[in-house]
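The block underneath contains the structure these notes are about, expressed in structure tokens.
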Amino acid sequence: MKIVFDVDGTICFNGQYIDELLIKKIKEINKKYDVIFASARPIRDLIPVVKEFKNEILIGGNGSIVSKESRVEVIKNIPIFEYSIIKKLIKKYKLNYIIDGAFDYSSNVNTNNKIYRQLDPDNLANKVEMKEIKEPIKIILIDIPDNIFVIIKKYFSESQYDISVNYHHNENNIDITAKGINKFSTLKRIIGDESFIAYGNDVNDFEVLKNAYKGFYVSDKDVNLPFNITEIVNCNSSSIIKSLKKHIKGE
């Protein structure tokens, strides 16, 4: 059995580190089960948070990049044509953004945004100009004004571009990867049809949760999800530990 964890908002609640007691519990589970981390963060930003598990399977960039035993592999880049369209939208609407290459990145992010604090926290990469990212793996459009968010969503929904798009309405962010790339598509590529248990907390995790043997949605609110889950778990480390003790033991 595989245990798949999203990171931010699922097991990491401050954008910087995982609670020590939760780390201890995951290590305990890891003695018996394969633990996989599947994050929106690129591998560069994921490793500092899960450094105790850096040799496990790490799925980053919403499935666009993977690290296995510390060997990094890009699954698929955003095509050049689609990338040029997105850059034009960024310039036209003066959008904040992060464009991730395999390791280096280009960004224009408000320092007050939580994503800024998660961006290359260990200074492992280079921040470069947008034009220097030739093969982007993931793009986030950030803090989009409401009226522009509606325009961009309509534009993408009416176009046949070779991209996958996730809309985060609560944050007014848009995540973009290559078409067909998401956490679950990459997880399936790695583990095939093996069963897995999953913990996640937002739209980026829906496909993983929907296809899990047992799926746990982490939220402090009542939510109506478009698929069945095993349980809603509160957003704190002690609730995650309690859930793991209840459901993973004896699997």
Side-chain angles (χ1 to χ4, degrees), residues 6-9 12 15-16 38-46 49 59-65 74-121 123-183 201-207:
D6 171 48
V7 177
D8 291 290
C12 173
Q16 297 175 305
S39 175
R41 295 183 185 227
I43 299 300
R44 172 199 71 231
D45 297 350
L46 179 56
V49 182
I59 297 172
N62 284 337
S64 59
I65 193 167
V74 171
I75 301 300
K76 191 176 181 181
N77 296 308
I78 295 169
I80 293 173
F81 175 74
E82 281 74 6
Y83 183 32
S84 68
I85 295 296
I86 295 165
K87 286 191 289 186
K88 287 177 182 177
L89 290 173
I90 289 171
K91 292 174 182 177
K92 179 177 180 178
Y93 295 111
K94 299 179 181 178
L95 300 175
N96 290 340
Y97 64 89
I98 298 173
I99 301 173
D100 285 311
F103 207 73
D104 293 335
Y105 66 96
S106 179
S107 71
N108 180 26
V109 189
N110 189 305
T111 56
N112 294 322
N113 191 291
K114 68 178 184 179
I115 293 178
Y116 178 83
R117 297 190 294 273
Q118 299 168 6
L119 184 59
D120 195 21
N123 296 311
L124 301 175
N126 296 309
K127 179 182 177 182
V128 299
E129 295 295 324
M130 189 189 301
K131 63 184 179 182
E132 295 182 53
I133 303 292
K134 305 296 185 183
E135 297 181 328
I137 62 168
K138 178 172 171 276
I139 298 172
I140 313 176
L141 306 179
I142 302 168
D143 289 335
I144 306 168
D146 290 339
N147 61 321
I148 304 301
F149 191 97
V150 171
I151 292 170
I152 293 176
K153 184 175 181 179
K154 186 173 186 291
Y155 178 79
F156 283 146
S157 65
E158 293 177 351
S159 305
Q160 298 297 316
Y161 292 130
D162 201 19
I163 53 177
S164 291
V165 185
N166 281 325
Y167 302 98
H168 298 269
H169 295 89
N170 291 339
E171 301 167 320
N172 275 28
N173 296 344
I174 298 176
D175 291 352
I176 303 167
T177 54
K179 189 172 184 178
I181 295 297
N182 57 59
K183 292 180 183 180
N201 82 314
D202 68 16
V203 66
N204 292 335
D205 305 309
F206 279 9
E207 287 299 313

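Counting begins at 1 with the first residue of the sequence.
- Between I181 and N62 there is no side-chain heavy-atom pair separated by less than 4.5 Å.
- Here the closest heavy-atom approach between residue I98 and residue I115 is recorded as CD1-CG2, 3.2 Å.
- Closest heavy-atom contact between S64 and T177: CB-CG2, 4.5 Å.
- Under the side-chain hydrogen bond (donor to acceptor under 3.5 Å, both in side chains) test applied with R44, the options N123, D100, D104 reduce to a single match, D100.
- Annotation: side chain of I90 is in contact with side chain of M130 (closest heavy-atom distance under 4.5 Å).
- The one candidate from D6, D175, D202 that meets the salt bridge (Lys or Arg N to Asp or Glu O under 4.0 Å) condition with K183 is D6.
- In terms of heavy-atom proximity, D45 sits nearest to P121 at OD1-CD, 3.9 Å.
- Side chain of S39 to backbone of R41: a donor-acceptor contact under 3.5 angstrom is found.
- Taking each heavy atom of I78 and I176 in turn, the nearest pair found is CD1-O, 3.7 Å.
- Here the closest non-hydrogen pair linking C12 and V49 is SG-CG1, 4.0 Å.
- Going from atom CG of N126 over to atom OH of Y105 covers 8.5 Å, rounded to the nearest 0.5 Å.
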Determine, stepwise, if the pair Y161 / I86 fulfils side chain to side chain contact (heavy atoms under 4.5 Å, CB included). CA-CA 11 Å; Y161 292 130; I86 295 165; over 6 Å; no
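- Within a 6.0 Å radius of CG in N170, no more than 12 heavy atoms belonging to other residues, nucleotides or ligands are found.
- In this structure, the side chains of I99 and Y83 come closer than 4.5 Å at one or more pairs of heavy atoms.
- Y97 has its side chain within reach of S106: a pair of non-hydrogen atoms, C-beta onward, lies under 4.5 Å apart.
- Expressed to the nearest 0.5 Å, how far CD1 of I59 lies from CG of N182 amounts to 9.5 Å.
- Residues A178 and S164 share a closest heavy-atom pair of O-OG, 3.3 Å.
- You'll find the side chain of F206 stays beyond 4.5 Å of the side chain of N166, heavy atoms only.
- In terms of the side chain to side chain contact (heavy atoms under 4.5 Å, CB included) criterion, residue partners of Q16 (sequence neighbours excluded) are, by chain and number, N14.
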Which donor-acceptor pairs under 3.5 Å do the side chains of residues 134-150 make with protein atoms, sequence neighbours left out?
residue, atom, partner, partner atom, Å
K134, NZ, K131, O, 3.0
K138, NZ, A40, O, 3.2
D143, OD1, N113, ND2, 3.1
D143, OD2, N113, ND2, 2.9
D146, OD1, N172, ND2, 2.7

Run K127 and D120 through side chain to side chain contact (heavy atoms under 4.5 Å, CB included) and show every step you take. CA-CA 9 Å; K127 179 182 177 182; D120 195 21; over 6 Å; no
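- In the displayed structure, Y116 atom OH is contacted under 6.0 Å by at most 12 heavy atoms of other residues, nucleotides or ligands.
- We find that E171 and K114 are joined by a salt bridge, their nearest charged nitrogen and carboxylate oxygen being less than 4.0 Å apart.
- Legend: residues meeting ring pair (Phe, Tyr, Trp, His ring centres under 6.0 Å) with F156, ordered by chain and number and at least two apart, are absent.
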